[in-house]
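One structure is given below, encoded as structure tokens.
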Amino acid sequence: SGAQRLLALDQVPDGILAVSDDAAIGVIKYLKTKNIRVPKDISVVGFDNGPMCIACDPELTVVDQPISRLTTECFELLMIQINGLSANCEKKVIKGEIIFRHSC
């Protein structure tokens, strides 16, 4: 697993940012099998803010993605392109938010 490879590094990280909440919860479960304390030894952060974040122990710190806003903005940009209202590509940055819980 990815967590196993990270723990095998010469310099073990003090934090892990997983690609999803599910992956982060898997990391926490793996670290517990190795008697590594979260967050005392290694912090873990997920990426989604799904319902399982608060069901795991410790509760997962996450990067919350504003999915509703992302989909709305993408749809609007797509409709502009489909309707020929703009020939240019537009770049938008929609920032997430870190929700601190107990894994960090």
Side-chain angles (χ1 to χ4, degrees):
S1 76
Q4 186 176 12
R5 288 191 299 266
L6 289 171
L7 293 179
L9 294 172
D10 291 336
Q11 186 173 353
V12 176
D14 58 3
I16 297 173
L17 171 62
V19 298
S20 69
D21 294 342
D22 291 342
I25 292 167
V27 168
I28 289 172
K29 288 178 76 170
Y30 176 76
L31 294 175
K32 283 183 176 184
T33 67
K34 300 298 179 188
N35 295 318
I36 296 172
R37 300 165 297 176
V38 176
K40 195 166 197 169
D41 300 325
I42 296 179
S43 295
V44 179
V45 178
F47 202 85
D48 285 333
N49 196 27
M52 293 306 294
C53 298
I54 57 174
C56 69
D57 182 33
E59 289 185 3
L60 188 61
T61 294
V62 295
V63 177
D64 182 34
Q65 302 179 78
I67 298 297
S68 178
R69 184 163 172 226
L70 286 167
T71 55
T72 300
E73 294 283 342
C74 287
F75 179 77
E76 289 174 3
L77 289 173
L78 179 62
M79 293 308 296
I80 287 170
Q81 291 295 314
I82 288 173
N83 293 322
L85 299 174
S86 175
N88 298 323
C89 291
E90 186 176 335
K91 177 181 177 180
K92 289 198 175 204
V93 176
I94 300 172
K95 295 181 180 182
E97 174 187 1
I98 298 175
I99 298 176
F100 290 94
R101 294 195 180 103
H102 303 289
S103 67
C104 186

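Below, each value reflects all heavy atoms present in this structure, side chains not excepted, and no hydrogens, waters or symmetry copies.
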[X] versus [Y], closest heavy-atom pair with distance:
X: P39; Y: C104; value: CB-N, 3.7 Å
X: C53; Y: R101; value: CB-NH1, 3.4 Å
X: K95; Y: P66; value: O-CG, 3.7 Å
X: A24; Y: A18; value: N-CB, 3.4 Å
X: P58; Y: C56; value: O-SG, 3.1 Å
X: G46; Y: L17; value: O-CD1, 4.1 Å

Are [X] and [Y] in one and the same hydrophobic cluster, where Ile, Leu, Val, Met, Phe, Trp and Tyr link if side-chain heavy atoms are under 4.5 Å apart?
X: M52; Y: L31; answer: yes
X: I25; Y: I42; answer: yes
X: I99; Y: I16; answer: yes
X: V45; Y: V19; answer: no
X: L7; Y: V44; answer: yes

Do any pairs count as a salt bridge (Lys or Arg N to Asp or Glu O under 4.0 Å) and have a residue in [range], sequence neighbours left out, and if so which ones?
range: residues 25-36; value: K32-D57
range: residues 5-17; value: none
range: residues 39-56; value: R37-D41

Rounded distance [0.5 Å steps], [atom1] in [X] versus [atom2] in [Y]:
X: Y30; Y: I36; atom1: OH; atom2: CD1; answer: 7.0 Å
X: C74; Y: M79; atom1: SG; atom2: CE; answer: 13.5 Å
X: Q65; Y: L70; atom1: CD; atom2: CG; answer: 6.5 Å
X: D21; Y: T61; atom1: CG; atom2: OG1; answer: 10.5 Å
X: E76; Y: K92; atom1: CD; atom2: NZ; answer: 6.5 Å
X: I98; Y: D64; atom1: CD1; atom2: CG; answer: 11.0 Å

Measuring only between side-chain heavy atoms, which start at C-beta, is [X] closer than 4.5 Å to [Y]?
X: I54; Y: L60; value: no
X: I28; Y: S103; value: yes
X: V12; Y: L9; value: no
X: V63; Y: F47; value: yes

